[in-house]
Structures are given as C-alpha cells and as structure tokens.
Amino acid sequence: MSNEKSVSEKYIDLDEIEYNENTLKFLRKKLDDFSINIFRQVVSENRNHRGLVKTRLEDYHNMRKKYDSAFLMLEAQGFIEKKEDGTATPYYITIRGRQLGTLLSEERRKLEEEQ
C-alpha cells in the first residue's frame with residue numbers, strides 16, 4: 001500500500017502545468033500575428049463563457065489552411081484546448097493560455113508606453 005501512496009504522490013496533472021518565463025517567451029516568439037489574433041478571439045469567447053468554434057468564423061472556409069495551422073500551433077503549444085460539445089468542438093484557453101494572455105497584455109502595455 002505504501003507503493004500506491006508514493007505513485008499517487010508523484011502524480012502531476014499535466015493540464016495544470018505552467019511554463020517558466022523563458023519557455024513562455026520562446027513559444028510566444030514562434031506565434032505569428034494571425035495566430036495571436038486567433039488566440040485573442042478564443043480569450044474573448046472565454047470571457048463570455050463560451051468556447052470559440054473555428055468553423056463559425058466568418059472567413060474560415062476561404063482561409064481554412066491558415067486557420068487550421070494557427071489553431072494547431074496554439075493547441076500543440078498548450079495555450080488552447082478543444083472540448084467536444086455535441087457536434088461542435090469549441091476551443092478554450094488553458095492555464096498556459098492565461099500565462100500567454102498576461103504576456104501579450106504586458107507587451108501591448110509596453111508598446112503603448114513607448115509611443
């Protein structure tokens with residue numbers, strides 16, 4: 001039984017892991033402006049307690065490859081996650097996504113201060 005206890009004590013919920021500052025900045029650097037705008041749309045929908053369904057975006061069908069690439073990159077980096085909801089698959093921000101949101105807010109604030 002002590003072996004079971006040590007295994008459960010070592011268990012880490014991977015969805016709760018946060019990035020250190022250097023990793024966060026490195027991954028942010030890999031995101032282009034289009035991906036950042038997609039991320040901001042996901043954040044906006046999350047504020048309304050809804051997820052963002054990419055197929056409902058206005059020009060999704062015209063720019064499908066670009067959208068799919070952005071969503072894939074954000075999901076692979078752990079900033080967003082999709083959750084099945086019937087026939088829709090909305091995207092939500094993760095804990096790491098909140099970290100990215102904070103970093104982007106700081107970047108925007110610094111840019112505004114410089115102007």
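Within 6.0 Å of atom CG in Asp33, 12 or fewer heavy atoms from other residues, nucleotides or ligands are found, so the atom counts as exposed in its surroundings. Surrounding CZ of Arg64 are at most 12 heavy atoms belonging to other residues, nucleotides or ligands under 6.0 Å away.
Residues Met63 and Leu57 fail the side-chain proximity criterion, which asks for heavy atoms closer than 4.5 Å. Looking only at side-chain heavy atoms (C-beta outward), Leu104 and Arg28 come within less than 4.5 Å of each other. Side chains of Leu31 and Leu74 form a contact here, defined as non-hydrogen atoms less than 4.5 Å apart. Taking the side chain as every heavy atom from C-beta outward, Leu52 and Phe71 approach each other to under 4.5 Å.
Residues Leu24 and Val42 are members of one and the same hydrophobic cluster, defined by side-chain heavy-atom contacts under 4.5 angstrom among Ile, Leu, Val, Met, Phe, Trp and Tyr. Ile38 and Val53 are not part of a single hydrophobic cluster, where members link through side-chain heavy atoms under 4.5 Å apart.
For the pair Asn20 (side chain) and Asn22 (backbone), a donor-acceptor distance under 3.5 Å is present. A donor-acceptor contact shorter than 3.5 Å is absent between the side chain of Ser69 and the backbone of Lys65. The backbone N or O of Ala88 lies less than 3.5 Å from no partner atom in the side chain of Asp85, so there is not a single donor-acceptor pair.
In this structure, CG on Leu100 lies 9.5 Å from CD1 on Ile93, to the nearest 0.5 angstrom. Once rounded to the nearest 0.5 Å, the distance linking CE of Met73 with CG of Leu27 reads 9.5 Å. Here OG1 of Thr23 is found 12.0 Å from CD of Glu18. Values are rounded to the nearest 0.5 Å. How far OG of Ser35 is from CZ of Arg40: 12.0 Å, rounded to the nearest 0.5 Å. The OG atom of Ser105 sits 12.0 Å away from the NZ atom of Lys110 when rounded to the nearest 0.5 Å.
Figure legend: Lys54 and Tyr60 shown without cation-pi pairing, the cationic atom not lying both under 6.0 angstrom from the six-membered ring centre and within 45 degrees of its axis.
Qualifying salt bridge (Lys or Arg N to Asp or Glu O under 4.0 Å) partners for Arg56, counting only residues two or more places apart in sequence or in other chains: none.
Legend: side chain to side chain donor-acceptor pair (under 3.5 Å) pairs involving residues 87-104, not counting sequence neighbours, sorted by first then second residue: Glu84-Thr89. Residue pairs meeting the ring-ring contact (aromatic ring centres under 6.0 Å, His included) criterion with at least one partner in residues 22-55, sequence neighbours excluded, are Phe34-Tyr67.
Residues His61 and Thr55 come closest through the heavy atom pair NE2-O, 4.1 Å.
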Test salt bridge (charged side-chain N to carboxylate O under 4.0 Å, His left out) on Glu21 and Lys25; report intermediate values, then the result. CA-CA 6 Å; Glu21 188 175 347; Lys25 288 179 179 180; 2.9 Å; yes

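With Arg109 as reference, Glu113 is the one residue of Glu112, Glu106, Glu107, Glu113 to meet the salt bridge (Lys or Arg N to Asp or Glu O under 4.0 Å) rule.
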